[in-house]
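Because the structure is predicted, anything quoted here is derived from the model rather than measured. Order of the sequence lines sets the chain letters (A, B, ...), proteins ahead of strands, with each chain counted from 1.
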Protein chains: 2
Amino acid sequence: MRSAEFSGKNVSSPADSECPDKTEVECRQCGLFGFLQLFEGLRLDLSNRFLSRRLPVAKGDRLFAADDPFRGIYAVKSGCFKSYSVLEYQGEQISGFYLPGELLGLDAIRAGVYGYHVVALETSSVCQLPFSHIDDLQGELVSFQEQVIQVLVDQVRHDQRQTLLVGRRTAEERLGAFLLNLAERFERHGFSGGEFRLPMLQNDIANYLGLSIETVSRTLRAFREQELVSIQGKRVRILNPVCLRSITQYCATTHAGG
Amino acid sequence: MRSAEFSGKNVSSPADSECPDKTEVECRQCGLFGFLQLFEGLRLDLSNRFLSRRLPVAKGDRLFAADDPFRGIYAVKSGCFKSYSVLEYQGEQISGFYLPGELLGLDAIRAGVYGYHVVALETSSVCQLPFSHIDDLQGELVSFQEQVIQVLVDQVRHDQRQTLLVGRRTAEERLGAFLLNLAERFERHGFSGGEFRLPMLQNDIANYLGLSIETVSRTLRAFREQELVSIQGKRVRILNPVCLRSITQYCATTHAGG
DNA sequence: AGCAATTTTTGACAATTGTCAAATTTGAGA
DNA sequence: TCTCAAATTTGACAATTGTCAAAAATTGCT
């Protein structure tokens with residue numbers, strides 16, 4: 001079975017996902033799983049190349065740097081990563097956090113190089129899907145879809161520039177949405193969304209959300225005082241998701257183009 | 001030749017692009033052109049379906065609405081469109097402006113419905129690339145790329161939610177970047193980037209950038225006083241692009257993931 | 001050209017968030 | 001457990017932007 005090929009664990013019983021101290025995402029809930037299933041449909045000599053390797057990554061280690069040549073895509077197995085670019089006069093700008101089960105480096109497939117830096121925020125591990133022979137795969141691709149992908153990549157790029165420019169949310173709304181988003185993503189991959197460990201510093205959160213660290217600290221205190229969440233150290237518990245969601249207007253946006 | 005099939009103009013000489021009063025994008029500089037070229041490579045019975053039609057659109061008319069079933073993608077030939085979503089308590093949120101040569105509705109291909117509303121800001125025209133038999137085309141698609149596209153679409157979605165949340169740019173930086181971006185896009189499609197007509201209201205700009213209309217007005221005045229731009233009515237001239245760029249830090253960002 | 005509606009501009013003031021400085025808490029390693 | 005560096009919290013004040021109200025300019029229409 002394929003999932004056993006890229007995970008250290010051979011068997012994962014359904015009961016595992018209930019374990020509160022679980023720290024590693026299961027293969028079936030990992031983003032790579034969908035990809036590997038797809039390779040079943042490709043020519044066998046191709047799919048042979050896509051056996052993935054398991055790698056440990058120490059806290060602070062860099063998984064890849066911007067402009068590194070594309071080596072493959074990664075799935076976070078455990079721990080947490082941040083991606084960032086270095087802006088001319090403003091130092092680093094964090095563009096995303098990656099939790100267990102999520103994919104890294106996908107958008108480098110077409111560019112041939114990674115577009116940003118990625119480092120581990122804590123002791124982590126990843127699975128790699130190496131693309132050393134990506135050129136062969138290209139032969140399988142339909143050019144129409146390449147065009148679609150190119151446009152989507154362009155749009156991602158535009159949206160991310162836009163992200164740097166636009167902001168109409170208050171500090172409360174940003175932080176509330178941030179916490180709910182984290183909870184949702186933990187839950188999607190089989191962890192508890194109601195209680196989890198914050199893998200990143202408030203400094204990183206502030207950078208990511210475009211706020212000062214003081215504002216982050218003060219806003220979290222306000223949430224605590226309203227008993228919306230409980231925070232002790234890195235331990236976060238969502239006490240009142242309904243109210244938090246209404247503060248945040250988290251549901252409001254459908255997706256959009258531009 | 002294919003370009004003649006979806007444009008009213010049969011011949012467009014290179015000299016056309018120098019005409020200052022030019023108002024319509026040429027076929028070769030239109031986003032659809034790339035697509036149509038790709039269809040040459042597909043089976044003929046497929047490519048027959050992709051003859052596109054030319055449509056006039058009056059100011060204020062809606063090209064499509066959110067949740068309309070997917071009819072095809074559009075290329076703006078002349079005029080300007082805005083896309084927007086309706087947020088629960090905040091009215092409309094503009095997500096993008098579309099100039100001649102740019103594509104609309106691409107991201108609805110997989111969803112099957114459009115994800116936002118699009119209306120004309122002035123008398124405009126579009127070319128349509130109808131996808132009434134999109135299902136047949138699916139047979140040509142490689143599932144690996146579908147997966148890639150899905151992930152990219154998810155990322156676009158995430159980034160756009162992020163766009164609503166995050167903001168670290170001052171009003172000056174946002175407006176400056178906005179004007180430079182418009183200029184760049186006009187230029188890319190063969191218009192003058194140094195002087196152009198603003199197709200949208202300050203009201204729309206404010207909405208798009210997450211500012212109040214008063215701040216937009218005041219910031220534009222500041223630009224005028226510094227002689228960075230000249231603005232009379234809807235006529236915009238970029239007087240000092242170098243300085244404007246440095247205010248804006250427009251070049252700073254590489255692209256990013258998350 | 002003239003009128004009416006829309007859009008833009010301007011001023012005064014309020015609210016949110018950032019900045020600077022310093023105290024306190026937390027956590028990793030000896 | 002202790003120590004020291006890093007991270008978080010807190011307070012006072014400044015800067016940017018939003019809000020409300022009203023005047024001026026522009027645009028579309030007859």
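- Rounded to whole Å, atom P of dT27(D) lies 12 Å from atom CZ of Arg235(B).
- Classified by interplanar angle (parallel below 30°, tilted 30° to 60°, perpendicular above 60°), the ring pair Tyr116(B)/Phe64(B) is tilted.
- Rounded to an integer number of Å, the gap from CG of Leu220(A) to C1' of dT9(D) is 11 Å.
- Across all strands shown, Lys59(A) has no heavy atoms under 4.0 Å from either base or sugar-phosphate atoms.
- The stretch residues 221-232 of chain B does not touch DNA chain D, since none of its heavy atoms comes less than 4.0 Å from the strand.
- Note: CG (Leu201(B)) to P (dT9(C)) measures 12 Å, nearest angstrom.
- Ion pair Glu102(A)/Lys77(A) not flagged as a salt bridge, since none of the NZ, NE, NH1 or NH2 atoms sits closer than 4.0 Å to an Asp/Glu carboxylate oxygen.
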Determine, step by step, whether Tyr208(A) and Phe97(A) satisfy the ring-ring contact (aromatic ring centres under 6.0 Å, His included) criterion, reporting the C-alpha distance in whole Å, the side-chain angles of both residues, the deciding distance to 0.1 Å, and the verdict. CA-CA 9 Å; Tyr208(A) 181 62; Phe97(A) 298 106; 5.0 Å; yes

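- In this structure, the side chains of Val118(B) and Tyr84(B) stay at 4.5 Å or more apart for every pair of heavy atoms.
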Tell me, with the steps shown, if Glu184(A) and Arg188(A) meet salt bridge (charged side-chain N to carboxylate O under 4.0 Å, His left out). CA-CA 6 Å; Glu184(A) 186 192 292; Arg188(A) 186 186 319 154; 3.3 Å; yes

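- The closest side-chain heavy-atom distance from Leu63(B) to Val126(B) is below 4.5 Å.
- One can place CD1 of Ile213(B) at 14 Å from C1' of dA24(D), the figure rounded to the nearest angstrom.
- In terms of phosphate contacts, Thr215(A) brings a side-chain nitrogen or oxygen within less than 4.0 Å of OP1 or OP2 of dG18(C).
- Remark: C1' of dT17(D) and CD of Glu173(B) are 14 Å apart, rounded to the nearest angstrom.
- Ring geometry for Phe186(B) against Phe191(B) counts as perpendicular: the plane angle is over 60°, on a 0 to 90° scale with 30° as the lower cut.
- Inter-residue side-chain proximity for Glu122(B) and Arg197(B) is flagged as met; some heavy-atom pair is nearer than 4.5 Å.
- When rounded to the nearest whole Å, the span between CZ of Arg169(A) and C1' of dT17(D) equals 17 Å.
- With rounding to whole Å, Asn203(B) atom CG is found 15 Å from dT27(D) atom C1'.
- Within the 4.5 Å cutoff, side-chain heavy atoms of Thr170(A) are placed close to those of Glu173(A).
- In this structure, CZ of Arg168(A) is placed 17 Å from P of dT16(C), rounded to the nearest angstrom.
- Taking side-chain N and O atoms only, Lys234(B) has no distance below 4.0 Å to OP1 or OP2 of dT7(C).
- Contact annotation for Leu211(A): backbone-only contact, meaning every heavy-atom pair under 4.0 Å involves sugar-phosphate atoms and none involves a base.
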Each nucleotide N or O in nucleotides 20-23 of chain D that has a protein N or O under 3.5 Å away: list the pair and distance.
from, atom 1, to, atom 2, distance (Å)
dC20(D), N4, Glu214(B), OE2, 2.9

